[in-house]
Amino acid sequence: MRKTMTRSILATTVSLCCMGLATSALAQDADADADGNRSTPDVVELDRVVATAQKRSENVMEVAAGVSVISEERLEAFGATRLNDFAAYVPGFQVDSGGAPGQTTMALRGVAPLGGGSIIGTYIDDTPIGPSSNKQRATTYALDLLPYDIQSVEVLRGPQGTLYGASSMGGLFKYITKAADPDAFEFRAGTDVNATKDAGDTGIGVRTAFNVPLIEGKLAMRASLSRQSTPGYVDQPDLTGEDAKDSNGYYQLASRLALTWRISDTANLRVQALSQIVDADNSSAVGLTYPTLAPIRGPLEGILQRATPYRMETDYYSAILDWDLGNVDFVSATSFSETRMDEVQDSSLVYGVAWPYLTPYPAGQAQFDVFLGTRKWTQEFRLSSKESERFEWLLGTFFTGEKNANRQQVSAYDANGIPLPFNPGTASLPGTYDEQAIFADVTYKFSPRFDVSAGVRHARNQQDFEQHSIGLLYGPRPIDLADSADDNVTTWKLASRWHLNDTSMIYARYATGYRPGGPNVSTSGVVPMTKADTLDNLEFGFKSHFWDRRAMIDLALFRIDWDDIQVRVSENGLSWMGNAGSARSQGAELSMMVRPAERLTVGLNAAYIDSKIGDVPTSSGLVAGGRMPMTPRLSWSSTIDYDFDVSDQWQGRVGAGYRVTGERVAGAYEIDSYNALDLHAELTNMTWTVRLYARNATDELAYVSTGSVRDALNRYVAVTGVPLQPRTIGMSIDYRY
């Protein structure tokens with residue numbers, strides 16, 4: 001049976017348990033004790049898992065929202081090098097990959113990555129990263145860090161517009177980095193070797209990090225460097241040389257430098273610089289027939305006529321000041337980031353077939369080159385009260401400014417790859433985005449067991465836009481125009497918690513979010529304007545520890561209403577953003593974990609999502625009245641882990657995870673369900689650690705994303721599918737001092 005994917009794999013599901021990856025609860029239940037020995041308590045101490053979802057450090061089982069925490073230990077257990085390696089172990093979270101890190105789309109709770117602007121915010125610690133403009137293709141390209149020197153990853157499900165602002169209406173994805181520690185010296189280094197079925201080379205990773213107190217108790221520096229290479233396993237028979245065999249390999253290079261300065265007993269300053277490069281040789285997409293999705297060639301063979309290299313560079317700098325002012329806490333969070341993405345796309349099936357209709361030349365090849373660049377600074381100030389038995393509050397203000405570059409070039413070639421003497425299209429789309437916001441959140445505790453919280457955020461954004469384009473695809477004459485737009489948006493939330501007893505809580509939450517609109521590309525000299533789209537989320541949840549804390553449950557029921565959806569509208573081979581009606585998504589998320597014996601942990605996650613699209617234009621590729629694309633109705637997973645002693649100094653662990661992604665739709669075709677098995681084992685004495693892992697151990701054939709290919713005349717000509725990485729078996733060795 002065909003097992004394929006659409007533009008958002010791993011629809012939800014999974015984990016929590018000891019494998020621990022994701023859900024609200026486990027993340028850290030097997031940490032080392034003060035003597036360096038791994039603890040194996042006979043109860044599940046979930047209350048040690050802390051999240052910063054409400055911009056306070058809180059037990060995740062006390063947060064009135066769906067929150068998942070993935071610890072460093074869990075990332076290491078899977079040998080994770082990118083989002084796709086662990087995203088399926090977060091309930092309701094879907095990640096679609098174009099093949100390499102950064103070619104990534106994210107979705108939560110059935111809110112699919114439609115349109116050009118991001119629907120899920122991305123943060124590093126306390127500051128956002130990534131563009132807010134709807135012209136920067138943020139639903140297609142997202143930050144995907146090599147997760148080394150990362151303390152944890154948090155996923156917040158549902159709109160976070162009140163505390164996190166624009167482009168977080170579907171949820172939030174946050175990397176928590178390790179801070180430099182003025183009290184301890186640390187050195188660690190490791191290596192990873194893995195083999196992927198059908199790949200011609202071996203994957204190799206090397207990494208190192210150290211923490212040094214420069215002034216004991218006052219000032220410290222932390223630095224890390226890691227490199228990971230992933231071999232290719234997709235062939236492109238129509239290309240030549242190294243591009244033809246195992247053509248989709250890539251490498252990641254990440255570095256980080258962090259400083260912590262304890263200015264006084266009440267003030268602490270954290271500064272960091274982070275850089276990552278992802279460099280891929282070619283697309284991972286293979287060719288599938290429309291609408292049957294049968295491979296045009298082999299299941300791991302593509303139909304590229306031109307090479308498609310891709311490179312993404314990310315530089316990020318931040319400074320976070322925490323200051324205890326006595327009755328209140330003050331935080332200043334400042335950041336500057338720059339992202340640069342260069343990609344070549346083979347557009348032969350889109351534009352090359354149109355040459356006879358536009359020129360005297362026969363059908364041939366076409367290449368689309370795109371460069372996206374964003375320089376972004378942010379500043380947030382906030383004051384918050386201390387923890388109180390009756391009343392707590394938070395007040396903040398936020399500023400951001402970004403400068404965006406978007407350069408596009410379509411090049412024409414004949415069937416043999418020889419350049420043709422005309423310009424199909426060249427465009428430059430520079431722009432700026434500025435936003436100012438104020439926000440507040442208050443909680444009133446009527447009793448130790450019942451409280452109500454409310455939050456509001458008012459934001460104003462201003463955008464400037466230019467377009468300079470020329471070529472056959474843009475019309476008979478050059479286009480040079482400039483325009484601007486501004487918008488005022490208010491988002492809010494209301495939530496309540498009722499503690500039934502010391503271990504159980506029910507909650508209700510109503511929250512709103514939005515994504516900025518703005519001007520976008522024109523083919524006629526008139527700038528089409530796109531309005532902001534908005535989203536409302538009603539959620540009821542139940543969280544509980546029971547059986548003497550040997551078990552936990554986290555259940556959420558939600559309904560989402562999405563209005564003025566931004567979707568891509570196509571005509572004559574060009575596309576732009578428009579607003580297209582509404583959609584609804586409703587469902588349930590369940591996470592359970594049980595420790596039936598002292599060293600055995602079993603987890604189950606499941607998500608059921610029922611989504612429906614309202615009226616949309618046919619050219620959007622969506623079906624009015626149909627299901628939201630990339631969203632399976634049912635996804636689930638189970639995990640199991642077992643810890644054991646090997647000797648007085650050595651401990652071991654073995655574990656497995658099984659994930660299932662249900663059937664999905666993508667426009668006019670359906671995509672079959674698929675499942676995958678992941679295994680891991682480790683042996684450690686807390687100084688040396690040896691791990692073995694197998695991702696997709698049964699070598700399941702599936703496609704983690706698909707995309708319809710329509711030519712310049714809007715005719716379906718093919719479907720491209722990015723295959724799930726074949727069975728990958730690896731071993732890592734780490735030393736920690």
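Only this structure's heavy atoms are used, side chains among them; waters, hydrogens and symmetry mates stay out. The chain is numbered in sequence order, starting from 1. All of these numbers come straight from a predicted model, not from anything done at the bench.
In this structure, Tyr164 and Lys174 have side chains that are in contact, with non-hydrogen atoms separated by less than 4.5 Å. Within the 4.5 Å cutoff, no side-chain heavy atoms of Tyr250 are placed close to those of Asn282. Gln463 is not listed as a side-chain neighbour of Ser132, based on a closest heavy-atom distance of 4.5 Å or more. Phe540 places none of its side-chain heavy atoms less than 4.5 Å from the side chain of Ile506. Proximity of Val155 to Ile70: side-chain heavy atoms (C-beta onward) are separated by under 4.5 Å at one or more points. Looking at heavy atoms from C-beta onward, Thr139 lies out of side-chain contact with Leu114 at the 4.5 angstrom threshold. Residues Ser97 and Arg82 are in side-chain contact: their nearest non-hydrogen atoms beyond the backbone lie under 4.5 Å apart. Side-chain contact check for Val278 versus Tyr310: some heavy-atom pair is nearer than 4.5 Å.
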Item checked: Stepwise side chain to side chain contact (heavy atoms under 4.5 Å, CB included) check, Ile129 with Tyr123 -> CA-CA 6 Å; Ile129 186 170; Tyr123 265 60; over 6 Å; no

Checklist line | side chain to side chain donor-acceptor pair (under 3.5 Å) between Asn605 and Ser591, worked out | finding: CA-CA 4 Å; Asn605 269 18; Ser591 298; 3.0 Å; yes

Next item on the list: Take Val665 and Ile671 through the test side chain to side chain contact (heavy atoms under 4.5 Å, CB included) and record every step on the way to the result.
Entry: CA-CA 6 Å; Val665 298; Ile671 302 165; over 6 Å; no

Notebook entry, point to check: Should Asp533 and Lys531 be marked as a salt bridge (Lys or Arg N to Asp or Glu O under 4.0 Å) after you check the CA-CA gap, both sets of side-chain angles, and the distance that decides it?
Noted result: CA-CA 6 Å; Asp533 47 358; Lys531 298 187 299 181; over 6 Å; no

Notebook entry, point to check: Stepwise, does the side chain to side chain contact (heavy atoms under 4.5 Å, CB included) test hold for Leu494 with Arg509?
Noted result: CA-CA 6 Å; Leu494 181 66; Arg509 182 175 187 263; over 6 Å; no

Notebook entry, point to check: Stepwise, does the side chain to side chain donor-acceptor pair (under 3.5 Å) test hold for Tyr141 with Thr339?
Noted result: CA-CA 11 Å; Tyr141 305 101; Thr339 58; over 6 Å; no

Margin query: Is there a side chain to side chain contact (heavy atoms under 4.5 Å, CB included) between Leu108 and Leu156? Walk through the geometry before answering.
Written below: CA-CA 9 Å; Leu108 280 164; Leu156 286 61; over 6 Å; no

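Rounding to the nearest 0.5 Å places CG of Asp563 at 4.5 Å from OG1 of Thr534. Atom CG of Asp564 is separated from atom CG of Leu535 by 11.5 Å, given to the nearest 0.5 angstrom. Between Asn404 atom CG and Ser133 atom OG the span is 5.0 Å, to the nearest 0.5 Å. Taking OG of Ser708 as the reference point, atom OH of Tyr290 lies at 6.5 Å (rounded to 0.5 Å). Gln103 CD to Arg137 CZ: the interatomic distance, rounded to the nearest 0.5 Å, is 12.0 Å. Rounded to the nearest 0.5 angstrom, Thr122 OG1 and Leu172 CG are separated by 7.0 Å.
When atom types are taken as modelled, the side chain of Thr289 and the backbone of Ile296 share no donor-acceptor pair closer than 3.5 angstrom. Judged by distance alone, with hydrogens and angles left aside, the side-chain atoms of Arg109 form no donor-acceptor pair with the main-chain N or O of Ile560 at under 3.5 Å. Using modelled atom types, one side-chain atom of Arg457 and one backbone atom of Leu163 make a donor-acceptor pair closer than 3.5 Å. Using modelled atom types, one side-chain atom of Asn406 and one backbone atom of Lys135 make a donor-acceptor pair closer than 3.5 Å. Side chain of Arg664 to backbone of Asp672: a donor-acceptor contact under 3.5 angstrom is found. Panel note: side chain Ser611, backbone Met628; a donor-acceptor pair is recorded below 3.5 Å. Between the side chain of Gln276 and the backbone N or O of Leu146, at least one donor-acceptor pair lies under 3.5 Å. Judged by distance alone, the side chain of Ser635 and the main-chain N or O of Thr661 form no donor-acceptor pair under 3.5 Å.
Residue Gly161 comes nearest to Thr491 through the heavy atom pair O-OG1, 3.2 Å, listed as atom of the first residue, atom of the second, then distance. Residue Ala285 comes nearest to Val234 through the heavy atom pair O-CG1, 4.2 Å, listed as atom of the first residue, atom of the second, then distance. Shortest non-hydrogen contact noted between Ile613 and Arg627 is CD1-O, 3.2 Å. Annotation for Ala718 and Leu349: closest pair CB-CD1, 4.2 Å, computed over non-hydrogen atoms. Considering all non-hydrogen atoms of both residues, Pro91 and Arg157 come closest at O-CD, 3.0 Å. Nearest heavy atoms, Gly130 versus Lys376: O-NZ, 3.2 Å.
Heavy atoms of other residues, nucleotides or ligands lying less than 6.0 angstrom from NZ of Lys55 number more than 12.
Between the side chains of Asp346 and Thr308, no donor-acceptor pair is found at a separation under 3.5 Å. Side-chain contact, Asn248 with Ser284: a donor N or O sits under 3.5 Å from an acceptor N or O. The closest side-chain donor-acceptor pair between Ser152 and Ser71, if any, does not fall under 3.5 angstrom. Side-chain atoms of Ser68 and Tyr89 include no donor-acceptor pair closer than 3.5 Å. Side-chain N/O atoms of Thr698 and Arg727 include no donor and acceptor closer than 3.5 Å. Inspection of the Glu402 and Gln136 side chains reveals no N or O donor paired with an N or O acceptor under 3.5 Å.
Taking the six-membered ring for Trp and the full ring otherwise, the centers of Phe173 and Tyr175 sit less than 6.0 Å from each other. The aromatic ring centroids of Tyr510 and Trp492 lie less than 6.0 Å from each other. Between Tyr507 and Phe542, the ring center distance fails the sub-6.0 Å criterion.
None of Met106, Gln566, Met169 except one satisfies the side chain to side chain contact (heavy atoms under 4.5 Å, CB included) rule with Ile119; the exception is Met169. With Pro101 as the fixed residue, the side chain to side chain contact (heavy atoms under 4.5 Å, CB included) test singles out one of Asn84, Leu143, Asp144, Leu145: Asp144. The only option from Thr639, Asp678, Asn696 that meets the side-chain hydrogen bond (donor to acceptor under 3.5 Å, both in side chains) definition with Arg659 turns out to be Asp678. Arg584 pairs in a salt bridge (charged side-chain N to carboxylate O under 4.0 Å, His left out) with only one of the listed residues (Asp536, Asp561, Asp610), which is Asp610.
For the pair Arg633 and Tyr608, the cation does not sit on the ring face, since its NZ or CZ is not both under 6.0 Å from the ring centre and inside 45° of the axis.
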